[in-house]
Amino acid sequence: MKNYTNINDLDNLQNTVQEALALKKGQLQFEQLGNGKTICLLFFNNSLRTRLSTQKAAQNLGMNVIVMNFGAEGWQLEYEDGTIMNQNKAEHVKEAAQVISQYCDIIAIRAFASLEDKQKDLAEEVLTNFIKYSKVPIVNMESSVGHPLQALADAISLEENKVDHRPKVVLSWAPHPKSLPHAVANSFIEMMQLQDADFVITHPEGYDLNMEIVKDSKVEYNQKKAFENADFIYTKNWSSYGDYGKVLKTDDEWRITADKMELTNNAKFMHCLPVRRNVVVTDEVLDSDNSLVIEQANNRTFAAQIVLKKILENI
Ligand code: AN0
Ligand code: CP
């Protein structure tokens, strides 16, 4: 594997999940693989899990890690070609990406959607330009459109908690006061499209996601109906995609509560974190034995580690 920008960059999801589970049992099995190799983690946005789990994964493989909070510490980058750079952008991605490539063997980037300019977001301006100008492999740590490390970790968590029948997995929208990206939901959908499951997406009217990603995945606008017999409830807020970046609904009608979980087949509760307690989901559900959120975050290490391992083996 060269770059990891999308879950479909993996040649086989099921095999990768098994390989990640084997790594989880022996985290330091490949501690020599990355010796003498360096990864640069570039953050244009905040992070807890991605920042720490990717660093840990790289260290488990013996790599050196350089972290830069690019959004706060780097020069503001220009991405357009031919611009007269007499405004606030001090450096062009053309130089920045080539220069960073000289300091490391892999570049990992977090650059969220602006949620203001749909076309730029869909074009994955930051990720695409780094791929274009850098000389080393690129890993997506959440871009405008996707969060494939999260989706791979979620696939690991689903496998660890598998049921004895074809599972019903529900992706449910839930309220949030802020305008949030579509990336986590998009990648979860793309990952579920590679699974043998009854997969249902539920959200209020007006929150339909990008149809090029949803494709023929089932959409149910009645949350309670969607929850019936579910084995997994994966919750995420996203802002409107049609009315791009807008927050259309903040009341508690779609909050995940114990009453709603009662409608399911004793479903496990999943969320990528960070989560706003008693806004997205009640304390009772988040603190219940059925909540997988802490283990999901743990699996971020093994998702990142298997991805870095596959890239290192190909350098
Ligand atoms: C981000 C999002 O919704 O994409 C990161 C989630 C992993 N969440 C927030 O900004 C709260
Ligand atoms: N789930 C996730 O990516 O968390 P962070 O934003 O804290 O990295």
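Whatever order the structure lists ligands and atoms in, that order sets their numbers, starting from 1. The shown structure was predicted, so the numbers you read here are calculated from the model rather than taken from an experiment.
With a heavy-atom cut-off of 4.0 Å, Glu142 touches ligand 1 through its side chain alone. Looking at Lys236 against ligand 1, only its side chain comes within 4.0 Å, counting heavy atoms. With a heavy-atom cut-off of 4.0 Å, Leu273 touches ligand 1 through its backbone alone.
Between atom CD of residue Gln59 and atom CD of residue Gln27 there is a gap of 11.5 Å, rounded to the nearest 0.5 Å. Summarising the geometry, atom NZ belonging to Lys236 is positioned 14.5 Å from atom CD1 belonging to Ile201; distances are rounded to the nearest 0.5 Å.
Under the 30°/60° scheme for interplanar angles, the aromatic rings of His182 and Tyr244 are found to be tilted.
No salt bridge links Asp198 with Arg166; every basic N to acidic carboxylate O contact stays at or beyond 4.0 Å. Using a 4.0 Å cut-off between a side-chain N of Lys or Arg and a carboxylate O of Asp or Glu, Lys24 and Glu160 qualify as a salt bridge. We find that Glu142 and Arg300 are not joined by a salt bridge, their nearest charged nitrogen and carboxylate oxygen being 4.0 Å or further apart.
Asn237 and Tyr207 share no donor-acceptor pair across their side chains, judged by distance under 3.5 Å alone. Remark: the Asn186 side chain and the Glu190 side chain contain no N/O donor-acceptor pair separated by less than 3.5 Å.
Ligand 2 is surrounded by Ser47, Leu48, Arg49, Thr50, Arg110, His147, Gln150, Cys272, Leu273, Arg300, each with at least one heavy atom closer than 4.0 Å.
Nearest protein neighbour of atom 2 (C) of ligand 1, counting heavy atoms only, is Pro181 CD, 3.5 Å.
Remark: Lys260 fails to qualify as a cation-pi partner of Phe227 under the 6.0 Å distance and 45° angle criteria applied to the six-membered ring.
Summarising the contacts of atom 10 (O) of ligand 1 with Asn46, Leu48, Val280, Leu180, the nearest heavy atom is found in Leu180.
For the ligand labelled ligand 1, residue Phe112 lies inside the 4.0 Å heavy-atom shell.
Taking only nitrogen or oxygen atoms, main chain and side chain alike, Arg110 does not reach within less than 3.5 Å of ligand 1.
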